[in-house]
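Everything below concerns the one structure shown next.
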Amino acid sequence: MTTTADTSSGFDSRTWGMLIGGEIVGADSGKYEDVTNPATGGGLGRVPVGDTADVDRAVTAATEAFGEWRDEAPLYRAAVLRQIADTLLENRDELSHLDSLDNGSPLHEMRNDIDIASYQLQYFAGLTLEVCGKTVPTVPGIHQYTSREPYGVVGRVVAFNHPLLFAASRIAAPLVVGNTVVLKPSEHTPLSTLRMGELLTDIIPPGVLNIVTGVGAVVGDALVRHPQVRRIGFTGSHSTGKKIQITAAESPVLTTVSLELGGKNPIIIFDDADLPAAVEGAIRGMNFTWQGQSCGSTSRAFVQRAIYDQFCNLVAERLDDMAVGNPLDEGSDTGVIAFAGHYDRVCGFIQRAIDDPEVTLRAGGLPSDENSEIRHWIRPTLFTTESDRAEVVREEVFGPVLVALPFDEYDEVIERANSTNYGLTASVWTSNLGVGLSAAKDIAAGYVWVNGSGAHVPGAPFGGYKDSGIGREEDIDELFSYTQLKSVVIRH
Ligand code: NAD
């Protein structure tokens, strides 16, 4: 089936290619799949449907490129990363436009993603010479030292919600320490990654970075299983993360896996908090600006009873005022859900919450015909309930859906906040720093804000407790995680 080109967005629909061994290529099978704009249904071109043969080609190219790349001067590798960062910024308009068309998030937010990707590349470039070893005191005649060495070929599999940001920033740490990479973008949002591949052909030596498109169950699976891939870095859902652990265990070789997974993150608002700031914090923390499609979204708001009604009224008013519209329109506060299957999934959660007698709809809800120029839009939605059992309280919706619940006591709210298998982020609002510090310690999550939400501090580790993941990213530990520690003992 061929879709009609999306001329309304000024987009030149075309055939895209993967990056393998420094060349822009189609799939070995010759197969392509149409990519569409989720907001309009218009065609954005066709993308190769990669399979195991393409993964094998990419891993072979990455294996061949490894020795030379590993042996380059570290500052040369850092300079390449800086060139990538500069190239992304030089092409910021085009890349953000592609992301907005392909994944439905507002253009102004996708511009910000390019900026973040660029500074993360710069950050890891700057850390290059910190990949140090140490010496251990020993006896005369023996000298010992450690060094950190790359794994070889790293497989990087990423999620759909921040396409270019994940594609560009998640290759920085493995590359700068001397690994080569095979990158697999989400099949739902591959375009900006493929454009990045085209832009980098003159910057990255052939085979050092390879990009393979296709569905996760084929391309992602083949990458994890591949005997020449000893290190996998994954960003995506908990269920896929578990599958990857199983697949890695079935691989003929031992594979080290790090997992950045989902969350059902709490935001706790005590009655001594600055209420207007907490309301804004709850909205910011939900990431409505990319339709709530964020692992870190604080989607369970526990609000102390004395301010509960006021909080819910204020949040509902603010959500009703948010402009839902075409992602390319600078006036849109929030865009559309990234693809049809996910739109149906989010609508299913909303419908079941509406049908639940213990849950009340306070803002948003299921879409109507009020805005028919675009598809797949869902208004920022607020539910309230006293029941922690409700599905919308327990499950990660990964959409623009916040649920508010009242609480009475500190111990009670900490227990309820922790009563999920997830543990990615949490946000606490209070004017009592002692309460804030206690909550930061008592909440089982990898990233906690006190009187804040949403924003990642550059260089601060990000990652999950419990079922939200294994490993940390965005900091020096991520860099080290792409190295193996070697101990050398010299008798002299
Ligand atoms: P997903 O798990 O469906 O897909 C993620 C990636 O895995 C895609 O590239 C997909 O093609 C691939 N994949 C799918 N099946 C695979 C398999 N069997 N083997 C190997 N790879 C496979 O996730 P998604 O829908 O793209 O993203 C949403 C999820 O990601 C949410 O749960 C969200 O919370 C999570 N997420 C986490 C972070 C984080 O940093 N912790 C960031 C973004 C998204």
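We count ligands from 1, going down the list as the structure has it; atoms in each ligand are counted the same way.
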- Query: Got a sec: does the CD of Glu415 have more than 12 other heavy atoms crowding it under 6.0 Å?
  - Reply: no
- Query: Take atom CD in Glu33; do more than 12 heavy atoms of anything else shown fall under 6.0 Å from it?
  - Reply: no
Atom indices of ligand 1 within 4.0 angstrom of [X] heavy atoms, with elements:
X: Asn161; value: 43 (C), 44 (C)
X: Gly220; value: 19 (N), 20 (C), 21 (N)
X: Asp221; value: 19 (N), 20 (C)

- Query: Which pair of non-hydrogen atoms, one from Thr483 and one from Leu479, has the smallest distance, and what is that distance?
  - Reply: CG2-O, 3.8 Å
- Task: Mind listing the closest non-hydrogen atom pair of Met18 and Ile211 along with its distance?
- Result: CB-O, 3.0 Å
Starting from [atom], find the nearest protein heavy-atom neighbour and note its residue, name and distance.
atom: atom 30 (O) of ligand 1; result: Gly236 C, 2.9 Å
atom: atom 9 (O) of ligand 1; result: Val158 O, 2.7 Å
atom: atom 3 (O) of ligand 1; result: Thr240 OG1, 3.8 Å
atom: atom 23 (O) of ligand 1; result: Ser237 N, 3.4 Å
atom: atom 11 (O) of ligand 1; result: Glu187 OE1, 2.5 Å
atom: atom 39 (C) of ligand 1; result: Cys295 SG, 3.2 Å
atom: atom 33 (C) of ligand 1; result: Phe398 CE1, 3.2 Å
atom: atom 12 (C) of ligand 1; result: Val157 CG1, 3.6 Å

- Can a cation-pi geometry be assigned to Arg379 and Trp377, taking NZ or CZ under 6.0 Å from the six-membered ring centre and within 45° of the ring axis? no
- Message: Does Arg231 qualify as a cation-pi partner of Tyr482, given the criterion of NZ or CZ under 6.0 Å from the six-membered ring centre and within 45 degrees of its axis?
- Response: yes
- Item | SB check Arg352 Asp355 (cutoff 4.0 Å) | no
- In terms of side-chain geometry, is the basic nitrogen of Asp388 or Arg416 positioned less than 4.0 Å from the acidic oxygen of its partner? yes
- Message: Can you tell me how the ring of Phe462 sits relative to the ring of Tyr447, calling it parallel under 30°, perpendicular over 60° and tilted otherwise?
- Response: tilted
- Query: Which class fits the ring pair Trp290 and His162: parallel under 30°, tilted 30 to 60°, perpendicular over 60°?
  - Reply: perpendicular
- Message: Among Ser453, Pro400, Ser299, which residue satisfies the side-chain contact (heavy atoms from CB on, under 4.5 Å) criterion with Met286?
- Response: Ser299
Using a 4.0 Å heavy-atom cut-off, which part of [X] comes near ligand 1: side chain, backbone, both, or neither?
X: Glu396; result: side chain
X: Thr235; result: both
X: Leu261; result: backbone

- Message: Could you check whether any heavy atom of Pro185 sits closer than 4.0 Å to an atom of ligand 1, since that is the contact criterion I want to use?
- Response: yes
- Is the closest heavy-atom distance from Ser186 to ligand 1 below 4.0 Å? yes
- Task: Report the C-alpha distance between Ser105 and Gln291 in whole Å, list the side-chain angles of each, state the deciding distance to 0.1 Å, and finish with yes or no for side chain to side chain donor-acceptor pair (under 3.5 Å).
- Result: CA-CA 7 Å; Ser105 289; Gln291 303 77 251; 3.2 Å; yes
- From atom 7 (O) of ligand 1, work out which of Phe462, Tyr447, Phe234 has a heavy atom at the shortest distance. Phe234
Under 3.5 Å, N or O to N or O, is [X] touching ligand 1 that way?
X: His238; value: no
X: Ser468; value: no
X: Phe160; value: yes

